[in-house]
Undergrad: 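Pasting a structure below so you can have a look.
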Amino acid sequence: MQASKIARAWFGLTAVVVIAGLAAQIPVSAGTTGGVFHTPAGRVTNLLAFFTIDSNILVGVGSLLLALGVAGRSTWFGVLRLTGLVGITVTGVVFQVALADLYELHGWAVFADTMLHKVSPLMCVAGWLLFGPRGQLSWRVLWWSLLYPLAWLAVTLVRGAIIGFYPYPFVDPGINSYGGVAFNCVLIGVLFIGLAAAAVGFDRTFSRKDEVDDYLAPDPPESVERIRDAGTY
């Protein structure tokens, strides 16, 4: 029971970190001048174009559900958990390797950057390693988790070609050419799949069938599970 309280507190704190980072980033983006978007509303809405923001939202939602004890053991939550975990890890790695030195930040922008690019990734990964929950990941979940980065990339390239905005230099054909963008995306894709596969392997290795994390919502009745499975295929 004590371990459960610590786990839920950790997940709750992770959600608070994400919320604090996003809350700081919104006014910073709204007050930024210049660029493609000329209104505060346009700049704030454009935050959703950033992989960092989307990954943090996924992590925040998953962590909040775990903190409240309503996550459950459904396939969709496994996909949410793995997608957020790998997405935020890629965010942290790519930021430190390719983006950290591109911008000079001040004031609340520094706070938002620290929360979203550093603290959130570290807390999410550490929380998953320490508290799981275990037994939720599978190769099927891995393939479903790839929808998020593929959809993000497709929308980013199509939208960028239409409005002339790309959230990161490594996906901007005007800077790298389409060949360079393709190469960068393949590298990041390999990183994403490798991290996801490692997470699934770790989960399957260290999970125990007789172990149930009591901070998860109870499984639905067997009859409900059968109906749900019947509608899945």
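Hydrogens, waters and symmetry mates play no part in the numbers below; they use all other heavy atoms, side chains included. For this chain, numbers begin at 1 and follow the sequence in order.
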Undergrad: Taking the inter-plane angle between the rings of Phe51 and Trp152 on a 0 to 90° scale, is it parallel (under 30°), tilted (30 to 60°) or perpendicular (over 60°)?
TA: perpendicular
Undergrad: Tell me, please, which residues at least two apart from Tyr148 pass side chain to side chain donor-acceptor pair (under 3.5 Å).
TA: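 If we apply the side chain to side chain donor-acceptor pair (under 3.5 Å) test to Tyr148, skipping adjacent residues, the hits are Ser55.
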Undergrad: Within the 4.5 Å heavy-atom criterion, are Leu80 and Leu58 side-chain neighbours or not?
TA: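 Touching, per the 4.5 Å side-chain cut-off.
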Undergrad: Kindly give the heavy-atom pair with the smallest separation between Cys185 and Val171, and that separation in Å.
TA: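 So the minimum-distance heavy-atom pair works out to SG-CG1, 4.1 Å.
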Undergrad: Do Leu13 and Leu122 land in one hydrophobic cluster if side-chain heavy atoms of ILVMFWY residues count as linked below 4.5 Å?
TA: no
Undergrad: Over 60° means perpendicular and under 30° means parallel, so classify the ring planes of Phe170 and Tyr168, tilted if in between.
TA: parallel
Undergrad: Checking Val59 against Leu85 for the side chain to side chain contact (heavy atoms under 4.5 Å, CB included) test, could you report, in this order, the C-alpha distance in whole Å, the side-chain angles of both residues, the deciding distance, and whether it holds?
TA: CA-CA 7 Å; Val59 168; Leu85 172 68; over 6 Å; no
Undergrad: Whether the side chain of Asn176 engages the backbone of Pro169 through a donor-acceptor N/O pair (distance < 3.5 Å, no angle test) should be reported.
TA: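 At least one qualifying donor-acceptor pair exists.
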Undergrad: So Trp10 and Phe131, would you call those rings parallel, tilted or perpendicular, with 30° and 60° as cut-offs?
TA: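 Ring orientation, 0 to 90° scale: tilted.
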Undergrad: Do Ile6 and Val16 land in one hydrophobic cluster if side-chain heavy atoms of ILVMFWY residues count as linked below 4.5 Å?
TA: no
Undergrad: Where is the tightest heavy-atom contact between Ser63 and Ala15, given as atom of each residue plus distance?
TA: CB-N, 4.0 Å
Undergrad: In Å, rounded to the nearest 0.5 Å, how long is the span from CD1 of Ile19 to CG of Asn56?
TA: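 CG of Asn56 is found 11.0 Å from CD1 of Ile19.
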Undergrad: How far does CD1 of Ile163 sit from CZ of Arg159, to the nearest 0.5 angstrom?
TA: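 Ile163 atom CD1 to Arg159 atom CZ measures 3.5 Å (nearest 0.5 Å).
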Undergrad: Give every residue pair that meets the ring-ring contact (aromatic ring centres under 6.0 Å, His included) criterion with at least one member in residues 22-47, sequence neighbours excluded.
TA: Phe37-Phe165
Undergrad: Distance from Leu116 atom CG to Gln25 atom CD, nearest 0.5 Å?
TA: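 Rounded to the nearest 0.5 Å, the CG-CD separation comes to 6.5 Å.
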Undergrad: Of all heavy-atom pairs between Phe111 and Ala20, which one has the smallest distance, and what is that distance?
TA: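 Looking at all heavy atoms of both residues, the closest pair is CE2-O, 3.7 Å.
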Undergrad: Let's go through Leu65 and Val61 carefully: what are the C-alpha distance in whole Å and the side-chain angles of both, what is the deciding distance for side chain to side chain contact (heavy atoms under 4.5 Å, CB included) to 0.1 Å, and is it a yes or a no?
TA: CA-CA 6 Å; Leu65 292 175; Val61 171; 4.2 Å; yes
Undergrad: As an exercise, state the distance from CZ of Phe50 to CD1 of Ile57, rounded to the nearest 0.5 Å.
TA: 12.5 Å
Undergrad: Hey, quick one: are Val155 and Leu147 part of the same hydrophobic cluster, counting side-chain heavy atoms closer than 4.5 Å, chains of contacts allowed?
TA: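 Looking at the clustering, Leu147 is in a separate group from Val155.
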Undergrad: Should Trp128 and Arg134 be marked as a side chain to side chain contact (heavy atoms under 4.5 Å, CB included) after you check the CA-CA gap, both sets of side-chain angles, and the distance that decides it?
TA: CA-CA 9 Å; Trp128 182 77; Arg134 299 282 169 258; 3.7 Å; yes
Undergrad: Would you say Tyr178 ends up clustered with Val158 if hydrophobic residues are merged whenever their side chains have heavy atoms under 4.5 Å apart, either directly or through other cluster members?
TA: yes
Undergrad: For the residue pair Ala49 and Pro167, what are the closest heavy atoms and their distance?
TA: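 Looks like O-CG, 3.6 Å.
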Undergrad: Contact between Leu142 and Val79 at the side-chain level, heavy atoms closer than 4.5 Å - yes or no?
TA: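 Sidechains of Val79 and Leu142: no contact.
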Undergrad: Is the backbone of Gly180 close enough, under 3.5 Å, to the side chain of Asn184 for a donor and an acceptor to pair up by distance?
TA: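 Checking the backbone N and O of Gly180 against the side chain of Asn184, a donor-acceptor pair under 3.5 Å is found.
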Undergrad: Which atom names give the shortest non-hydrogen contact between Gly78 and Leu137, and what distance separates them?
TA: O-CD2, 3.7 Å
Undergrad: Show the nearest heavy-atom pair for residues Ala71 and Phe77, with the distance to one decimal.
TA: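 Where Ala71 meets Phe77 most closely, the heavy atoms are CB-CZ, 3.5 Å.
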Undergrad: Could you check if a side-chain atom of Val18 sits within less than 4.5 angstrom of a side-chain atom of Leu22, using non-hydrogen atoms only?
TA: yes
Undergrad: Which distance, rounded to the nearest 0.5 Å, do you find between the OH of Tyr166 and the CG of Asp172?
TA: 6.0 Å
Undergrad: Taking the side chain as C-beta and beyond, is there a heavy-atom pair between Arg81 and Leu66 under 4.5 Å?
TA: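 Result yes, sub-4.5 Å side-chain heavy-atom pair found.
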Undergrad: As a test of understanding, state which of Ile88, Val94, Val93 forms a side chain to side chain contact (heavy atoms under 4.5 Å, CB included) with Val90.
TA: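 Among Ile88, Val94, Val93, the one meeting side chain to side chain contact (heavy atoms under 4.5 Å, CB included) with Val90 is Val94.
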Undergrad: Could you tell me whether the side chain of Val141 reaches within less than 4.5 Å of the side chain of Gln136, counting heavy atoms only?
TA: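 Heavy-atom side-chain distance check fails, nothing below 4.5 Å.
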Undergrad: Is there a side chain to side chain contact (heavy atoms under 4.5 Å, CB included) between Trp139 and Arg204? Walk through the geometry before answering.
TA: CA-CA 10 Å; Trp139 302 117; Arg204 292 166 70 92; 4.0 Å; yes
Undergrad: Just how far is it from atom CD1 of Ile53 to atom CG of Leu48, taken to the nearest 0.5 Å?
TA: 8.0 Å
Undergrad: Between His117 and Thr91, does any side-chain donor sit less than 3.5 Å from a side-chain acceptor?
TA: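 Per modelled atom types, His117 and Thr91 side chains form no pair under 3.5 Å.
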Undergrad: Is it the case that one hydrophobic cluster holds both Val190 and Phe192, taking links as side-chain heavy atoms less than 4.5 Å apart, direct or via other members?
TA: no
